[in-house]
Trainee: 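After the structure tokens below, expect a handful of questions from me.
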There are 2 protein chains.
Amino acid sequence: MIKTARYLPYIHTFLVAAQCKSYTQAAEKLCITQAAISQQMRTLETHLGQPLFYRQGRSMALTQAGELLASQCQPAIEQISSAIAQLQPQPIAGELRVSSSPSFASRWLMPRMWRFSLAHPDISIQLHTSSRRMSSESRSQLGSGEIDVEICLATDDTRNLIEHNLFTGPVYPVASPFIGKQITSPETLLNYWLIERENERHFSWENWFKQLGIDMCLANPSQLQVISLDNALSAVCAGHGVCFGVHQLVQDLIAKGDLVQAHTHCFDQQLTFAAYYLSQTRKQARIQCFLDWISHEVSVQAGQADDQTILSSSV
Amino acid sequence: MIKTARYLPYIHTFLVAAQCKSYTQAAEKLCITQAAISQQMRTLETHLGQPLFYRQGRSMALTQAGELLASQCQPAIEQISSAIAQLQPQPIAGELRVSSSPSFASRWLMPRMWRFSLAHPDISIQLHTSSRRMSSESRSQLGSGEIDVEICLATDDTRNLIEHNLFTGPVYPVASPFIGKQITSPETLLNYWLIERENERHFSWENWFKQLGIDMCLANPSQLQVISLDNALSAVCAGHGVCFGVHQLVQDLIAKGDLVQAHTHCFDQQLTFAAYYLSQTRKQARIQCFLDWISHEVSVQAGQADDQTILSSSV
DNA sequence: CTTTATCATAAGAATTACTTATAGTAGTCA
DNA sequence: TGACTACTATAAGTAATTCTTATGATAAAG
């Protein structure tokens with residue numbers, strides 16, 4: 001095979017000519033001249049030591065050897081072609097499977113998706129919700145191709161992944177406008193349900209009050225722990241207590257008057273949302289398109305934020 | 001595949017490098033430089049849009065894409081290699097299946113085969129006997145490859161076959177030396193068993209006497225019909241009657257004193273023995289070797305014949 | 001017989017694939 | 001830690017291959 005490998009392109013040419021039964025037609029299909037086909041076939045026949053075609057008036061018929069070679073090499077070349085197609089980068093047009101933390105999906109992405117569809121009608125998005133932080137299940141799904149993009153809080157371990165930061169935002173308490181009107185100091189917050197994510201160490205009410213020099217345990221407030229920030233925001237919008245929100249995820253609700261920032265104090269740490277995809281993905285062009293759009297929407301939102309929010313520094 | 005076909009040789013290189021896990025070792029196997037391998041792999045990776053190898057200290061390991069490509073392309077390349085091996089000419093060394101008329105096999109070929117073995121120890125001959133003339137069964141066996149060479153009387157119909165004449169020889173009556181001593185004229189032959197091949201039109205006793213102007217039916221001689229000339233010669237050597245022999249097939253027996261030419265008159269036609277093989281045989285080199293040796297032996301025999309025989313013209 | 005369609009061939013131009021020399025990287029050993 | 005070894009990556013130039021263009025050869029059609 002070592003001496004034969006250089007003739008592999010000629011075998012492909014042979015298969016096309018065998019199918020066309022005409023060098024001229026094969027030349028058209030392959031976008032080269034008939035003379036090139038003729039020379040390739042002559043070279044191949046010389047190498048193989050026998051004719052593969054014989055002249056039949058105005059066309060070429062296969063010899064017995066030609067028939068044998070075609071019947072055995074056709075499936076083999078198709079297998080190689082199929083293997084390569086599995087590897088090559090996909091075009092921009094096509095499907096993307098996106099997995100996202102529940103709050104980002106429902107509070108940020110879904111309200112904007114119609115604009116993505118207008119801008120990119122040839123990309124369809126399949127959206128799933130997962131966890132807030134990168135889980136081992138998410139990694140596995142990315143590795144196996146079940147998921148193309150995972151959107152969650154930024155993680156340190158980006159092995160085999162490409163990280164694309166979406167935004168970094170301050171975290172502060174939010175309440176319904178009705179409750180918001182009655183809050184005059186941090187201490188008055190203790191009179192309402194204090195809703196937080198379960199198993200949350202840093203972004204907890206205890207830590208928030210502590211950063212203000214207040215020991216919330218003395219007041220023994222009502223507390224509620226929920227699975228996701230999305231659940232918390234739903235309760236708060238309905239007037240039940242207060243919870244924390246990342247600025248970019250609550251900004252739209254505040255602009256609509258469904259929420260207000262309940263206090264100016266923000267946690268001393270911000271939160272970064274990022275998107276992750278396989279470094280060896282074949283859908284890189286499509287993913288890049290999607291993430292570029294998100295970045296654009298983030299900067300549009302940032303422009304709107306300048307007019308409306310009250311924020312504050314963390315100290 | 002059209003744009004990819006030119007890279008098929010690189011895929012073969014890739015498979016060798018994947019197996020070696022080393023460009024340097026692959027270069028040795030393929031008898032090109034390491035730099036050529038490196039460039040081919042770079043070109044292939046660029047075409048496929050992703051890496052196939054990654055550096056692992058002093059060797060190269062396959063990426064996931066590389067593993068996938070190797071697992072799918074290896075069997076395909078092997079299939080192509082196998083198809084080509086089925087087509088390419090075989091070397092001189094190997095086996096030949098020879099079919100021959102019985103008399104040629106036993107009276108000419110077998111007594112000489114030891115010399116062929118000495119001259120060509122790397123060619124083994126499998127010898128079968130068939131019929132004196134080319135039969136449809138012989139053609140089928142040649143076509144299917146059961147037989148590589150058929151040796152028989154020359155035929156007119158050489159479709160798909162290559163003809164190689166071995167010799168053309170006169171046909172004359174032979175007897176044992178004892179009977180030969182007592183034959184003084186054609187007529188005295190009528191006193192002995194006249195042995196001939198059954199269903200033989202031209203080379204028959206009736207025609208031989210007719211060519212001499214003798215009507216053998218008046219003498220009502222004893223006649224015996226046999227299946228092959230080889231059978232006839234066996235009987236004649238044992239002293240039973242007379243039969244016809246082609247010069248080259250009986251020459252050795254005459255030289256040994258086992259037979260004598262019983263009369264000088266030869267038939268007006270000679271007999272040609274020829275060898276036939278498939279025009280598209282892959283064993284052409286081997287067959288040619290064998291037939292060249294036969295031709296050599298024929299001419300050696302012809303040189304010996306000048307000293308010994310009495311022959312005569314047919315008219 | 002002329003024309004048309006198709007493959008075969010020769011010569012030259014363009015492109016590709018290789019080699020040589022050297023740089024870069026990682027592993028080994030004293 | 002530095003020197004040495006083993007191996008791949010890269011640039012530049014050379015050699016080989018492959019293609020194109022033009023034309024010849026062959027067979028079929030009208």
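Here is how names work: the chains are called A, B, and so on, in the same order as the sequence lines, proteins then strands, and each is numbered from 1.
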Trainee: Is it true that a side-chain atom of B/S138 and a backbone atom of B/M134 form a donor plus acceptor pair closer than 3.5 Å?
Mentor: no

Trainee: Determine, stepwise, if the pair B/Q40 / B/T13 fulfils side chain to side chain donor-acceptor pair (under 3.5 Å).
Mentor: CA-CA 8 Å; B/Q40 285 188 18; B/T13 300; 2.7 Å; yes

Trainee: Please tell me which of the listed nucleotides, C/dA10, D/dT20, D/dT8, lies nearest to the side chain of B/S38?
Mentor: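 Among the listed nucleotides, the one closest to the side chain of B/S38 is D/dT8.
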
Trainee: Please check if the number of heavy atoms outside B/Q141 that lie under 6.0 Å from its CD is greater than 12.
Mentor: yes

Trainee: Over how many whole Å does the gap from B/Q40 atom CD to D/dT17 atom C1' extend?
Mentor: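 Whole-Å distance recorded here is 14 Å.
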
Trainee: Can you figure out which of C/dA17, D/dA11, D/dT18 approaches the side chain of B/R42 most closely?
Mentor: D/dA11

Trainee: When you measure from the side chain of A/T24, which nucleotide among C/dT6, C/dC18, D/dT17 comes out closest?
Mentor: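 Nearest listed nucleotide: C/dT6.
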
Trainee: Could you state the atom-to-atom distance from OH of B/Y7 to P of C/dT15 in whole Å?
Mentor: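 Rounded to whole Å, this separation is 14 Å.
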
Trainee: Enter the distance from B/Q56:CD to B/M60:CE here, rounded to the nearest 0.5 Å.
Mentor: 10.0 Å

Trainee: Any side-chain N or O of B/S59 below 4.0 angstrom from OP1/OP2 of D/dC7?
Mentor: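 Checking D/dC7 against B/S59, no side-chain N or O comes under 4.0 Å of OP1 or OP2.
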
Trainee: Out of C/dC18, D/dT8, D/dT20, which nucleotide sits closest to the side chain of B/A36?
Mentor: C/dC18

Trainee: Strictly distance-based, threshold 3.5 Å: is any side-chain N or O of A/Q50 a donor or acceptor partner for the main-chain N or O of B/L87?
Mentor: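 Checking the backbone N and O of B/L87 against the side chain of A/Q50, a donor-acceptor pair under 3.5 Å is found.
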
Trainee: Can you tell which of C/dC7, C/dC18, C/dA10 lies closest to the side chain of A/A35?
Mentor: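 The closest nucleotide is C/dA10.
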
Trainee: Please give, in whole Å, the distance from C/dT25 P to B/Q56 CD?
Mentor: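 Atom CD in B/Q56 sits about 18 Å away from atom P in C/dT25.
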
Trainee: Rounded to whole angstroms, how far apart are CZ on A/R6 and P on D/dA15?
Mentor: 18 Å

Trainee: Out of C/dC7, C/dT9, D/dA9, which nucleotide sits closest to the side chain of B/Q34?
Mentor: D/dA9

Trainee: Can you tell me how far C1' of D/dT8 sits from CD of B/E45, to the nearest Å?
Mentor: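 Value for this atom pair: 12 Å.
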
Trainee: Separation of A/I32 atom CD1 from C/dA8 atom P, in whole Å?
Mentor: 14 Å

Trainee: Check the distance between C/dC18's C1' and B/M41's CE and give it to me in whole angstrom.
Mentor: 14 Å

Trainee: When you get a sec, tell me which of D/dT10, D/dT18, C/dG24 is the closest nucleotide to the side chain of B/R55?
Mentor: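 Of D/dT10, D/dT18, C/dG24, C/dG24 is nearest to the side chain of B/R55.
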
Trainee: Starting at atom CG of A/L52, determine the distance to atom C1' of C/dA8, rounded to an integer number of angstrom.
Mentor: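 Between C1' of C/dA8 and CG of A/L52: 16 Å.
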
Trainee: Looking for any heavy atom pair under 4.0 Å, which part of the strands does B/Y54 touch: base, sugar-phosphate only, or nothing?
Mentor: nothing

Trainee: Output yes when at least one side-chain N/O atom of B/T33 is less than 4.0 Å from OP1 or OP2 of C/dT19, else no.
Mentor: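 Answer yes for this pair, as a side-chain N or O of B/T33 is under 4.0 Å from OP1 or OP2.
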
Trainee: Using a cut-off of strictly less than 4.0 Å, decide whether A/Y10 has a side-chain nitrogen or oxygen near OP1 or OP2 of D/dT18.
Mentor: yes

Trainee: Of the nucleotides C/dT16, D/dC19, C/dT19, which has the atom closest to the B/Q39 side chain?
Mentor: C/dT19

